[in-house]
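Take a look at the structure set out below.
Protein chains get the first letters and strands the later ones, always in sequence-line order, with residue 1 at the start of each. Since this is a predicted model, take the numbers as computed values, not measurements.
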Amino acid sequence: MKIGYPCINRTIGCTADRTFRLKSYSESRLIETVENNLDCLLQILEFNVKYNIFFFRITSDLVPFASHPINRFDWINHFQNLFENVGSFIHKHNIRISMHPDQFIVINSPDEGIWERSRAELVYHTQVLDALELDSTARIQLHVGGVYGNKPASMERFALRFSQLPASVQSRLVIENDDRLFTVADCLNVSTITGIPVLFDTFHHSVNNSGETVEQAIALCAETWTMKDGLPMVDYSSQAPGERKGNHAESLDPDHYSTFLKNTQSIDFDIMLEIKDKEASALKAVSLSKSDIRFLN
DNA sequence: TCACGTCAAGCAGAT
DNA sequence: ATCTGCTTGACGTGA
């Protein structure tokens, strides 16, 4: 079991997701920003290793406008050395990496334009992981997408579109249950058709499920991950006390977390803490997990 | 230096 | 018809 947090470190004072406005686009601005972002990414990973955090989600904003038509710069070759440098650090310390394209990436949209842009953005995410020379355990997590008034048809369209993606992208994708539309059961159905592993999100499951317990759901998801996919990835968070249903907690709830570990102890996985205070909660989790046999492995 | 309107992109439910 | 939450910040203009 590895413990991780997404994208941002609030302790070390740099950001790996610096960007700028489309109107301000220039090649020099892009180069300057990506240099900063890659440099900061390495700093974050160094911080993580120092504190026994070996799972990390790389921000989608690492290369701003990477899949936008305005960007015709060959950033992969230009930054090849920097990517390899970060990648070798990841290898050396056996860090697990994920990425999570944001809500605009919807491959099952009936709108061809949205599909085209989504495909381009997935290619970009794949290019980042490939430039880092990461193996097939480094994954891109995606939701199934929209329902458009017909869930079975939308799931079938997802499978069709998946089959039309480049093989390099296909081998990186995993699908995640969401909080409103596609449950674990839906994702498992899509997985049966496509072979895509299912990433279990605990919080989404708590607000959108088909009656399975967490233990049942996580076991079913785990079965969709093969050796080459690596350990199953799990997104973990809990309800913010007193806030609107669905809001992520500000900080790790030690009791909730310990109970979750106990309830899932028969399965090993890597856990991504989607909690607002980022690395602070990861540090708490590392300390709480030290008595867990999976963490010691 | 600071305040604050806005930022590439989508969906679905609420108002 | 328009706004809001997803992830929440931070860019950058105007004063």
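In terms of phosphate contacts, A:Ser24 brings a side-chain nitrogen or oxygen within less than 4.0 Å of OP1 or OP2 of C:dG12. Here A:Arg10 reaches the OP1 or OP2 of C:dG9: one of its side-chain N or O atoms lies under 4.0 Å away. Not one side-chain nitrogen or oxygen of A:Ser118 sits closer than 4.0 Å to the OP1 or OP2 atom of B:dA9. Residue A:Arg29 has a polar side-chain atom (N or O) positioned under 4.0 Å from OP1 or OP2 of C:dG12.
The same atom, P, is picked in C:dT8 and in C:dG12; the two are 22 Å apart, to the nearest Å. Nucleotides C:dT7 and B:dC2 are separated by 32 Å at their P atoms, to the nearest Å. When the C1' atom is used for both B:dA8 and C:dG14, the distance is 24 Å, rounded to whole Å. Rounded to a whole angstrom, the distance from the P atom of C:dC3 to that of B:dT6 is 11 Å. Taking atom P in both C:dC11 and B:dC11, one finds a spacing of 28 Å when rounded to whole Å.
A:Lys151 forms a cation-pi arrangement with A:Phe182, by the criterion of a distance under 6.0 Å to the ring centre and an angle within 45° of the ring axis.
At whole-Å resolution of the value, CG in A:Asp102 and P in C:dT8 are 13 Å apart. Rounding to whole angstrom units, OH of residue A:Tyr5 and P of C:dT8 are separated by 15 Å. We find that CD1 of A:Ile105 is positioned 13 Å from C1' of B:dC11, with the value rounded to whole Å. Separating the CG atom of A:Asp178 from the C1' atom of B:dC11 is a distance of 10 Å, rounded to the nearest angstrom. Straight-line distance from the NZ atom of A:Lys23 to the C1' atom of C:dT13: 10 Å, rounded to whole Å. As rounded to whole Å, 13 Å separates atom C1' of C:dG12 from atom CZ of A:Arg18. Distance CD (A:Glu274) to C1' (C:dT8): 14 Å, rounded to an integer number of Å. The CZ atom of A:Phe182 sits 13 Å away from the C1' atom of B:dG10 (whole-angstrom rounding).
Taking the side chain of A:Arg21 as heavy atoms from C-beta on, and the options C:dT7, B:dG10, C:dG12, the nearest nucleotide is C:dG12. Residue A:Lys276 places its side chain closer to C:dT8 than to any other of C:dT8, B:dA12, B:dG10. If you check C:dT7, B:dC7, C:dG5 against the side chain of A:Arg180, the one that comes closest is C:dG5. Of the candidate nucleotides B:dC11, B:dG10, B:dA8, B:dG10 has the atom lying nearest to any side-chain atom of A:Phe104. The side chain of A:Leu181 approaches B:dA12 more closely than any other nucleotide in the set B:dA12, C:dT8, C:dG12. Minimum atom distance to the side chain of A:Tyr148 is reached by B:dA12, of the listed C:dC11, C:dT7, B:dA12.
Base pairing of C:dT7: no nucleotide in any strand meets the Watson-Crick or G-U wobble criterion (both distances under 3.5 Å). Nucleotide B:dA8 is matched to nothing when pairs are restricted to Watson-Crick or G-U wobble geometry with both distances under 3.5 angstrom. B:dA14: Watson-Crick or G-U partner is C:dT2, with both key distances under 3.5 Å.
Close placement of the A:Trp75 and A:Tyr124 rings is indicated, their centers lying within 6.0 Å of each other. Between A:His256 and A:Tyr236, the ring center distance clears the sub-6.0 Å criterion.
For the cysteines A:Cys14 and A:Cys40, the sulfur (SG) atoms lie within a distance shorter than 2.5 angstrom of each other.
Residue order along DNA chain C, read from the 5' end via each residue's closest nucleotide, puts A:Ile8 first among A:Ile8 and A:Phe20.
Residue contacts for A:Phe65: at a heavy-atom cut-off of 4.0 Å it reaches a base atom on one of the strands shown. Looking at heavy-atom distances under 4.0 Å, A:Ile70 makes no contact with the nucleic acid at all.
Comment: A:Glu27 does not engage A:Arg72 in a salt bridge, judged by the lack of any side-chain N to carboxylate O separation of less than 4.0 angstrom.
Ring-plane geometry between A:Phe65 and A:Phe20 is classed as tilted, the angle between the planes lying from 30 to 60 degrees on a 0 to 90 degree scale.
Summarising the local packing, OH of A:Tyr148 is surrounded by more than 12 heavy atoms from other residues, nucleotides or ligands at distances under 6.0 Å.
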